[in-house]
Amino acid sequence: MRRIEWNAAILLVFGLGAFTAAVLVWEAWQAAPTPDEMAHLASGVSHWRYSRFELYRVNPPLARLVATAPVELLGLVDTDIKYDVTSVGRQEFPAGRTLSEELGERMRLVLFVARLGSLLFFFVGAWGCYVLGRMLYDRRAGWAATVMWLGSPNILGHANLVTPDVAAAAMGTWAMAGLVSWYRRADAGSAYLAGLGLAGALAVKSTWILLPLVFVAVALVGWCRDLSLAAHGAGVKRVWWQSLWRWSWQLGLIAGVSWIAIHTVYGFRGVLRPLGEFHFISDLLAGEKSVPPDEESRPSSNRFRGTWLEHVPCPLPADYLIGIDVQRWDFESDRPNYLNGQWKRGQGWWYYYLYAASVKMPVGYLILMFVAVPSFWMRRWPRGEVWVVVVVLVLWTFISSQTGLNRHFRYMFPALPLMYVLTGRMWWYVPAQQRQRMFRGGAGLGGGFARDWRATMRGYSARDWWGAMRGYSARDWRATMRGLAVLVCVGVVESLWCAPHCLSFFNCLVGGPRNGHYHLLNSNLAWGQDMWRLVEWQREDPQGRQPLYLLSRKNLDSSYHGLVTAAIDDLTEGDDLREPLPRGWYAVDANVLMGEGPGSLGQGSLRGAAVSRLREILRSRQPDARAGYSIFLYYVDSASAPTTTRSKTASGFEEKRQAVE
């Protein structure tokens with residue numbers, strides 16, 4: 001019976017992996033380029049071709065190098081990547097737009113090949129979840145974490161994009177696996193692998209810059225643990241320095257391996273550059289309010305200049321440190337943030353990512369994570385688990401504190417696989433004496449599971465809860481384990497139900513992705529991925545779906561999507577909006593509809609009161625069609641256009657937007 005159970009579990013995992021891979025490949029062809037992808041594509045080609053890393057330096061280059069490797073090997077890009085190497089601004093976005101225009105119709109094929117390269121990190125992350133889960137707990141926990149990764153809508157929505165978010169989650173999982181292995185074994189082999197894992201995480205996303213501090217803490221705790229064990233025996237004076245030497249040289253080995261590996265990714269460009277030679281633009285590193293990076297003159301502020309740190313060599317590659325500085329400037333900038341129908345400029349909400357997780361994660365996952373929390377007080381923690389918990393808490397605390405850029409839940413992706421692994425402990429804390437018997441005997445799924453929870457939820461503390469659960473029979477444990485598996489399956493089904501629109505996923509608690517624009521925007525819902533679906537919609541009836549007025553964000557260039565759009569000047573009379581509106585179709589990006597910026601509208605643009613009034617008119621009516629979940633389509637007949645209708649909801653929302661602008 002046990003062999004049958006395991007064979008079924010393995011078949012389920014590999015079947016789910018094959019299905020999700022097919023979905024990701026299909027969506028890689030169907031999804032239009034997002035604003036960041038063409039910039040990453042142009043940057044990756046530039047890295048390979050010129051061995052320079054100025055483009056998109058806010059993120060380390062490993063993910064771009066992997067994604068664009070097949071593009072360069074096949075020679076799909078035969079144009080030069082043009083940008084100003086002396087500019088302090090972010091040149092990757094103009095370079096990406098220029099590249100897309102030069103590629104023309106071949107752009108879709110080039111982007112598809114690059115997306116296939118990015119899918120490598122999706123499978124690396126699935127494997128890492130299993131390895132870390134099995135290392136901490138057992139095979140059940142490893143399989144559970146892998147299934148949660150394969151069925152995660154947030155991971156699926158970004159896995160086929162040429163962006164580093166899923167890569168950061170995958171490589172971070174392997175870095176934590178190396179850390180746990182080193183903490184347990186404390187030998188040269190585990191230290192070497194831990195150094196490689198640390199370098200892999202640092203070379204994908206600068207968010208992991210906090211991880212070296214965790215490695216130092218592990219060495220200190222390991223040394224103290226050795227002293228504590230030696231205190232119960234003889235030779236304490238002889239042990240303390242031996243232990244200190246062991247942990248010190250292994251920590252040095254990790255630092256050396258990771259240092260060489262990450263500089264290898266950068267081609268040893270800008271190695272050991274003194275801190276005083278850098279030009280910073282963020283308040284954190286510049287030490288004063290600096291010039292915005294889009295101005296021509298390069299600021300010369302540097303917090304370290306004139307201090308003893310001026311001549312200290314930077315341990316990171318020069319472009320890595322400059323990228324951290326530019327990213328920090330982004331967090332300090334005064335940008336509008338959106339959450340649950342409200343706009344804030346500058347500082348956002350400390351609970352932004354908690355709210356985003358509650359609406360962007362499947363209900364089954366949320367319940368399972370909530371149920372797993374008490375288990376941390378029910379049993380002794382396995383060795384090394386505490387460091388995974390610490391890293392998750394540090395990531396949530398640090399990223400949530402950066403309220404200046406509350407726009408993307410994807411910034412929290414590095415913590416997701418670690419949370420899936422920790423949730424897998426629910427399959428591990430079954431008492432050892434029950435593990436062999438739990439596969440025998442039959443118990444109904446609903447009865448045993450419900451009876452267990454009624455018995456344990458009547459005012460018990462966490463310790464009482466565990467004491468009661470120790471007396472469960474094998475069939476009760478079997479029913480409980482089945483209930484946990486059902487929660488995972490429910491979450492996976494809810495996630496795949498939204499496929500291939502996983503990028504726009506919202507759970508059923510908020511009404512699914514159709515209501516997502518009331519809660520979150522940008523890469524959480526509408527990132528330009530549905531533009532090609534809009535093209536297909538127009539081609540179904542080229543004559544009947546004209547004229548088409550496109551309302552999209554400025555950073556979504558519609559010229560290379562193949563849309564036939566009407567001139568926006570037809571909508572205005574001077575600086576005011578024409579009323580009644582001209583007859584035709586209006587395709588509105590969810591971000592513009594809910595009030596982000598004036599918007600770039602196909603051939604032209606609207607400003608001020610005109611775009612505000614147009615938003616108000618369109619929000620007062622239901623869309624006639626949709627392209628995916630991010631583009632709303634309205635048909636306006638000038639004879640019956642409801643231009644005088646003003647709903648209370650739209651009016652109140654517009655007043656909030658006017659206050660922000």
Side-chain angles (χ1 to χ4, degrees), residues 28 31-50 52-72 76-77 79-85 87-104 106-115 117-118 121 158-168 203-207 293-294 319-320 322-327 329-330 333 335 405 407-408 410-411 503 522-523 526-529 531-532 552-561 589 591 597 600:
T34 61
D36 288 10
E37 279 190 286
M38 293 308 299
H40 279 291
L41 180 60
S43 302
V45 173
S46 172
H47 300 339
W48 283 112
R49 192 167 297 177
Y50 311 124
R52 301 185 67 94
F53 300 93
E54 291 91 356
L55 292 183
Y56 231 120
R57 56 173 36 138
V58 295
N59 292 134
L62 181 59
R64 295 188 294 276
L65 291 172
V66 172
T68 55
V71 174
E72 280 295 285
L76 298 179
V77 177
T79 60
D80 294 330
I81 307 300
K82 306 177 183 65
Y83 65 97
D84 184 5
V85 297
S87 175
V88 72
R90 299 186 61 173
Q91 296 291 304
E92 57 267 17
F93 293 103
R97 287 192 291 269
T98 301
L99 177 62
S100 64
E101 293 171 359
E102 293 179 350
L103 290 175
R106 293 190 298 116
M107 185 268 293
R108 188 169 188 174
L109 175 61
V110 174
L111 183 63
F112 175 70
V113 173
R115 285 173 170 176
S118 295
F121 291 105
H158 290 260
N160 57 359
L161 302 181
V162 188
T163 54
D165 302 296
V166 172
V204 171
K205 194 82 169 179
S206 57
T207 304
D294 57 349
D319 288 302
Y320 199 108
I322 296 174
I324 294 176
D325 176 58
V326 176
Q327 184 71 86
W329 180 88
D330 284 338
S333 61
R335 297 188 179 185
L405 199 60
R407 301 166 68 87
H408 309 285
R410 58 190 176 90
Y411 291 157
L503 184 67
N522 289 292
S523 63
W527 219 18
Q529 75 276 9
M531 290 293 289
W532 282 337
S552 64
R553 295 191 300 174
K554 287 184 177 181
N555 56 356
L556 293 180
D557 187 359
S558 63
S559 61
Y560 55 82
H561 288 102
D589 179 83
N591 299 285
S600 173

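Summarising the geometry, atom CD belonging to E92 is positioned 13.0 Å from atom CE belonging to M38; distances are rounded to the nearest 0.5 Å. Note: L103 CG to T98 OG1 = 11.0 Å, rounded to the nearest 0.5 Å. Annotation: the span from W527 atom CH2 to D589 atom CG amounts to 13.0 Å, rounded to 0.5 Å. Taking CG of L76 as the start and OG1 of T68 as the end, the distance is 11.0 Å to the nearest 0.5 Å. Taking CG of N59 as the reference point, atom CZ of F53 lies at 14.0 Å (rounded to 0.5 Å). The CG atom of L62 sits 5.0 Å away from the CZ atom of F121 when rounded to the nearest 0.5 Å.
The shortest heavy-atom contact between A32 and E37 is O-OE1, 4.0 Å. The shortest non-hydrogen separation linking L55 to A42 is CD1-O, 4.3 Å. Scanning all heavy atoms of the two residues, the minimum distance from V204 to A168 falls at CG1-N, 3.3 Å. A pairwise comparison of heavy atoms in T79 and R49 identifies O-NH1, 2.6 Å as the closest pair. For H158 against S523, the heavy-atom pair with the smallest separation is NE2-O, 3.8 Å. Considering all non-hydrogen atoms of both residues, Y320 and S206 come closest at OH-CA, 3.5 Å.
At least one donor-acceptor pair under 3.5 Å links the side chain of R115 to the backbone N or O of A31. Under a 3.5 Å cut-off, the side chain of D80 and the backbone N or O of K82 do not form any donor-acceptor pair. Panel note: side chain N591, backbone A526; a donor-acceptor pair is recorded below 3.5 Å. In this structure a side-chain-to-backbone donor-acceptor pair under 3.5 Å is present from W48 to L65. One N or O on the side chain of Y50 and one on the backbone of I81 form a donor-acceptor pair closer than 3.5 Å.
Side chains of P94 and R97 form a contact here, defined as non-hydrogen atoms less than 4.5 Å apart.
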*For D319 and R52, what are the C-alpha separation, side-chain angles and deciding distance, and is it a salt bridge (Lys or Arg N to Asp or Glu O under 4.0 Å)?*
CA-CA 9 Å; D319 288 302; R52 301 185 67 94; over 6 Å; no
_Residues K205, D165; criterion side-chain contact (heavy atoms from CB on, under 4.5 Å); working and verdict_ = CA-CA 8 Å; K205 194 82 169 179; D165 302 296; 3.3 Å; yes
*Could you go through the side-chain contact (heavy atoms from CB on, under 4.5 Å) check for D36 and H408 one step at a time?*
CA-CA 13 Å; D36 288 10; H408 309 285; over 6 Å; no
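Donor-acceptor pairing under 3.5 Å is recorded for the side chains of R64 and H47.
Classified by interplanar angle (parallel below 30°, tilted 30° to 60°, perpendicular above 60°), the ring pair F93/Y56 is tilted.
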